[in-house]
Number of protein chains: 2
Amino acid sequence: MAHRRLAEPTPCNRVQAPRPVSIKDVARKANVSHSTVSRALQNNPLIPRETAEKIRLIAGELGYRASAVARGLATSKTRTVGLVVTTIADPFVAGVVGGIEDAANANGYSVVLANSHADPEREMMVVRSFAERRVDGVIVTASRVGALYVPMLSRMRVPIVLVNNQHPGEFTHSVMIANLEASFQATDHLIHLGHRRIAYLGDRHGHQSDTERFGGYRQALDQADIPFLPELVVHGDGTPEGGIQAMGRLLALADPPTAVFCYNDMTALGALRRIRVSGLRVPDDISLVGFDDLYIAQYTDPPLTTVRQPKREMGRLAMEVLLRLLQGSQSERTIRVPGELVGRESAAAPKERQPCNY
Amino acid sequence: MAHRRLAEPTPCNRVQAPRPVSIKDVARKANVSHSTVSRALQNNPLIPRETAEKIRLIAGELGYRASAVARGLATSKTRTVGLVVTTIADPFVAGVVGGIEDAANANGYSVVLANSHADPEREMMVVRSFAERRVDGVIVTASRVGALYVPMLSRMRVPIVLVNNQHPGEFTHSVMIANLEASFQATDHLIHLGHRRIAYLGDRHGHQSDTERFGGYRQALDQADIPFLPELVVHGDGTPEGGIQAMGRLLALADPPTAVFCYNDMTALGALRRIRVSGLRVPDDISLVGFDDLYIAQYTDPPLTTVRQPKREMGRLAMEVLLRLLQGSQSERTIRVPGELVGRESAAAPKERQPCNY
DNA sequence: GAAAACCCTGCACACGTGTGCATTGGAGGA
DNA sequence: TCCTCCAATGCACACGTGTGCAGGGTTTTC
């Protein structure tokens with residue numbers, strides 16, 4: 001590497017990739033020092049417009065692209081954010097990431113993506129990698145945020161924004177859906193339709209969000225003076241498969257619920273299937289409400305009534321909070337965005353249950 | 001920035017983030033030069049094991065993390081790959097990206113993500129950004145690969161791997177699904193079930209993959225001596241909405257098809273809905289076959305018969321091709337991975353159509 | 001007309017790491 | 001004892017960009 005220049009005059013060794021054009025190449029061609037070029041390209045007012053124009057022109061001709069690497073070294077700002085997700089294959093996560101990415105690019109930041117797969121070892125690797133890359137900030141979109149995870153990130157002394165999670169700490173901020181209010185709304189919707197035996201199909205891994213959504217469910221019951229029945233609460237794992245299992249348990253009850261509020265759409269998908277398999281119909285026999293409003297929710301049969309999380313928007317917001325922090329400004333510790341109940345066809349008024357009614 | 005060190009003795013200005021520990025800090029503490037530390041951490045055989053151990057220990061104590069930025073500048077290798085996708089919200093794309101990410105991380109590479117939204121202007125920005133970041137290579141997972149897009153990327157003189165696309169060029173390689181064989185298989189499956197009026201519901205934006213899938217469809221018809229009927233070919237746009245529209249056109253025919261082979265699962269989802277809305281049933285009245293095997297394909301009603309694309313695997317492969325190229329080895333220009341027909345419940349033998357048959 | 005003020009420009013160093021080459025110190029052989 | 005050789009280490013420069021400060025030239029001012 002060192003002394004490479006010595007071999008450079010008349011470089012016939014075009015075999016390897018040629019060194020990209022640097023600020024010095026531009027400087028040479030413009031008959032100025034590299035400092036002047038640097039300043040000209042930054043629109044530094046020290047450089048008269050005319051000179052700057054000329055330099056920019058030459059830079060353009062040469063196809064000059066400033067090295068973000070060198071700039072990062074000089075300024076110790078990489079204009080890069082690390083983005084940890086459990087898995088990008090999760091459609092909720094993908095939606096959020098889309099929003100983050102857009103906001104980042106719009107502000108000249110690049111996004112380094114890393115999947116943790118909720119695996120502590122991978123999480124360690126990710127943190128290490130982000131530390132080495134000297135990312136300016138970190139956004140975490142993960143259902144599970146390991147106990148030792150955020151502290152490790154904090155050691156990087158870099159701002160962190162969590163999406164749909166909270167973790168008290170000096171460097172952490174968060175953007176969350178208003179779980180309690182949204183699930184209150186969803187449950188209340190079922191109550192207004194006339195349901196009284198309403199189940200909650202939760203997520204045993206959902207931690208905080210599961211707790212909060214369950215809380216909204218209970219509040220709605222309480223407010224309507226509907227007694228809370230523990231047997232109507234079951235738990236899946238956030239996947240359709242978990243929904244199938246849990247729904248099976250509800251159907252096995254002597255007196256099954258007439259409506260089910262699900263932790264998320266994936267779970268609802270499984271519940272829907274399980275109900276179908278048992279020969280019952282949605283919403284005729286059982287009403288179903290999901291959470292997330294994934295893209296597919298409008299294409300299930302029947303289309304799923306659910307709570308919309310503005311995923312893209314939440315991603316954008318998270319990035320904007322981070323940008324504010326990077327810029328040195330303050331920002332709210334926690335931003336709560338409201339969910340929106342999207343009424344489709346999977347929830348309707350209950351039919352009378354007694355089979356010998358006619 | 002310059003001369004900052006002058007102010008450093010007894011740095012009481014802990015207000016700003018402290019400079020992370022560098023190789024020199026380790027060197028000082030170990031009473032060696034920074035060169036020795038550098039070599040020790042690289043397991044350079046010049047350094048005796050004992051010394052290396054000691055240095056590694058000290059580095060650990062200090063929480064030293066080598067700066068990938070500085071290393072990138074020195075070696076002109078960033079161990080970073082740029083990843084362009086139309087949108088990460090597309091579940092097919094997300095699956096591929098997952099595989100890429102895993103393979104990248106397993107080999108010490110980081111992934112910089114960029115959404116192009118199939119927008120030429122965004123594509124320009126992405127290329128510019130990748131060029132400035134000095135990524136070592138690029139992977140493109142986009143249904144549409146703009147005409148001027150790959151040439152622009154090529155100017156970076158960096159290896160490029162395309163997923164499900166091809167673009168002849170000095171720097172491009174690709175990983176593709178064997179469209180023709182797979183769609184032959186899918187169509188043939190319908191034929192073997194007894195169908196003769198089989199429609200193809202394509203994607204007018206799918207370019208190469210649409211052409212190839214259509215090709216497999218035609219070959220299967222030809223081989224079975226089923227005449228090709230142009231009116232049984234309609235086009236959506238790869239989305240459920242497009243599927244709904246196109247399926248509507250098929251249903252409006254005097255003699256609608258008994259089976260439909262769809263360009264992808266999203267399209268099939270729309271077709272399924274359209275069929276349902278018109279009061280017909282799948283597969284009793286119309287059989288449906290998709291392409292992709294998205295996660296949701298197993299949870300539609302009925303579960304969708306489709307062609308599985310090993311998305312994760314394809315991502316992994318693309319990254320491995322790229323790694324090989326980065327390492328200076330050769331690699332096949334085009335890798336074709338086979339699709340796999342996944343038989344579920346949306347395709348079955350046709351019922352007799354004549355209503356006065358009994 | 002000379003001094004002062006101002007506008008540009010370049011020098012030189014910094015950022016953190018890698019590496020070719022020189023140097024040092026010690027061991028081994030004659 | 002001296003020379004040779006090798007192992008271990010350090011010096012110095014490179015990578016590309018940013019920036020404080022000094023210096024040179026021109027204009028302004030008295």
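What you see below is based on every heavy atom in this structure, not just the backbone, and it leaves out hydrogens, waters and symmetry mates. Keep in mind that this is a model prediction, so the values were computed, not measured. All chains are named by letter (A, B, ...) in the order of the sequence lines, taking the proteins before the strands, and each is independently numbered beginning at 1.
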Among residues 61-68 of chain A, which ones have heavy-atom contacts with DNA chain D below 4.0 Å?
A:Y64, A:A66, A:S67
Close residues, residues 33-49 of chain B, relative to DNA chain D [heavy-atom separation under 4.0 Å]
B:S33, B:H34, B:S35, B:T36, B:R39, B:L46, B:P48
Examine distances only and state if a side-chain atom of [X] and a backbone atom of [Y] form a donor-acceptor pair shorter than 3.5 Å.
X: A:D136; Y: A:R79; result: yes
X: A:T78; Y: A:R134; result: yes
X: A:H173; Y: A:E332; result: yes
X: A:R128; Y: B:R65; result: no

Take the protein atom [atom1] of [X] and the nucleotide atom [atom2] of [N], then report the distance between them rounded to whole Å.
X: A:K54; N: C:dC8; atom1: NZ; atom2: C1'; result: 13 Å
X: A:I55; N: D:dT17; atom1: CD1; atom2: P; result: 14 Å
X: A:L73; N: C:dC13; atom1: CG; atom2: C1'; result: 13 Å
X: A:R28; N: D:dT17; atom1: CZ; atom2: P; result: 12 Å
X: B:R71; N: C:dG18; atom1: CZ; atom2: P; result: 5 Å
X: B:R19; N: C:dA14; atom1: CZ; atom2: C1'; result: 11 Å
X: A:I23; N: D:dT19; atom1: CD1; atom2: C1'; result: 12 Å
X: A:R134; N: C:dG16; atom1: CZ; atom2: P; result: 8 Å

Contact between B:V37 and B:Y64 at the side-chain level, heavy atoms closer than 4.5 Å - yes or no?
no
pair A:R316-A:D102: side-chain heavy atoms closer than 4.5 Å:
no
Check step by step if salt bridge (Lys or Arg N to Asp or Glu O under 4.0 Å) holds for B:K54 and B:E50.
CA-CA 6 Å; B:K54 189 186 83 183; B:E50 197 181 345; over 6 Å; no
As a quick check of understanding, evaluate side-chain contact (heavy atoms from CB on, under 4.5 Å) for A:M125 and A:D119, giving each step before the final call.
CA-CA 10 Å; A:M125 280 188 46; A:D119 168 11; over 6 Å; no
So, A:T80 versus A:R133: side-chain donor-acceptor pair below 3.5 Å or not?
no
Applying a 4.0 Å non-hydrogen cut-off, can you work out what A:V69 is touching in the nucleic acid: base, sugar-phosphate, or nothing?
nothing
